[in-house]
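Note that ligands are numbered from 1 as they come in the structure, with each ligand's atoms numbered from 1 the same way. Computed from a predicted model, the values in this text were never measured in an experiment.
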Amino acid sequence: MSKLYIVASPIGNLEDVSYRAIKILSQVDFIFCEDTRTSLKLLNRYDIKNKLQSFHQHSGFKKVNKIINYLKEDKEIAILSEAGTPNISDPGASLILQVKKELADKVEIIPIPGASAVTTALSVSPWPADKFIFLGFLPNKKGRQSQLKKIIDYPFLIVLYESKHRLLKLLNELSNPEKENNKKIDIMIARELSKKFEQLIFGRPEQLIDKLNNNATMLKGEFVLLLRVNK
Ligand code: SAM
């Protein structure tokens, strides 16, 4: 039976990859990855000589068909996203759905667990993280305000991804429900996890806006936000 491996890769530090992932990446017939340059760094670090082909959210049917045809020929395929776990705010689901539709039980779909920014940030949460809600990136425009309104009513720790371009905007938006609803939002910003400038920054929305405005380097890199709403 053919095998499709969904392989988690590091979110920064190249040592955060499992032995199993390295073994699978060395053994499969083809690796499809979101970003060939990033994945090549990982392959080079572990002396993996395998071939890389690109597969990203704009790849379309042709690429999906190519993967399905390889699977029909009993080839083993690995999927890598640019960083972390495929399918978590990254491509994955539509390929898996199509593979299941076309090949049903003729293919094994095998997860190779590893790093993800969401679980890495949660692992250092000062607030209980046994229940949480992961919203990924909030929509840019349509639906953003209604999501923000809902956020303050979730009874769990909330996890968001946000880009450096919208971090201050998001904090500004979060300071509104604080003022309007008399609810306090405690935030942990996990910046550049596992990388050289890793940093955990804590505060309420307005305090964080001040901190970031006073230190522009804090606005560089990648961010996960944990929000705890106190009623
Ligand atoms: N699939 C990835 C995962 O499993 O975490 C997420 C991919 S998503 C396109 C990229 C977002 O993940 C970034 O904008 C940021 O919010 C978060 N992220 C990824 N790496 C990170 C890191 N090293 N530190 C903090 N956040 C990170």
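Heavy atoms from other residues, nucleotides or ligands lying under 6.0 Å from NZ of Lys169 number more than 12. Atom NZ of Lys106 has 12 or fewer neighbouring heavy atoms from other residues, nucleotides or ligands inside a 6.0 Å radius.
Distance alone, capped at 3.5 Å, places no donor-acceptor pair between the Ser116 side chain and the Thr119 backbone. For Ser194 (side chain) and Asn13 (main-chain N/O), a donor-acceptor pair under 3.5 Å exists by modelled atom type.
Using a 30° and 60° split on the angle between ring planes, Phe32 and Tyr70 fall in the tilted class, from 30° to 60°.
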Check: every ligand 1 N/O to protein N/O pair under 3.5 Å:
| from | atom 1 | to | atom 2 | distance (Å) |
| --- | --- | --- | --- | --- |
| ligand 1 | 1 (N) | Ala83 | O | 3.2 |
| ligand 1 | 1 (N) | Thr85 | O | 3.0 |
| ligand 1 | 1 (N) | Ile88 | O | 2.8 |
| ligand 1 | 1 (N) | Asp90 | OD2 | 2.7 |
| ligand 1 | 4 (O) | Thr85 | N | 2.9 |
| ligand 1 | 4 (O) | Ser116 | OG | 2.7 |
| ligand 1 | 5 (O) | Ser116 | OG | 3.3 |
| ligand 1 | 5 (O) | Ala117 | N | 2.8 |
| ligand 1 | 5 (O) | Tyr161 | OH | 2.6 |
| ligand 1 | 16 (O) | Phe223 | O | 2.6 |
| ligand 1 | 20 (N) | Glu222 | OE1 | 3.3 |
| ligand 1 | 23 (N) | Ile11 | O | 2.9 |
| ligand 1 | 23 (N) | Leu193 | N | 3.4 |
| ligand 1 | 23 (N) | Leu193 | O | 2.9 |
| ligand 1 | 24 (N) | Leu193 | N | 2.8 |

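Residues Phe137 and Tyr161 place their aromatic rings such that the two centres sit under 6.0 Å apart.
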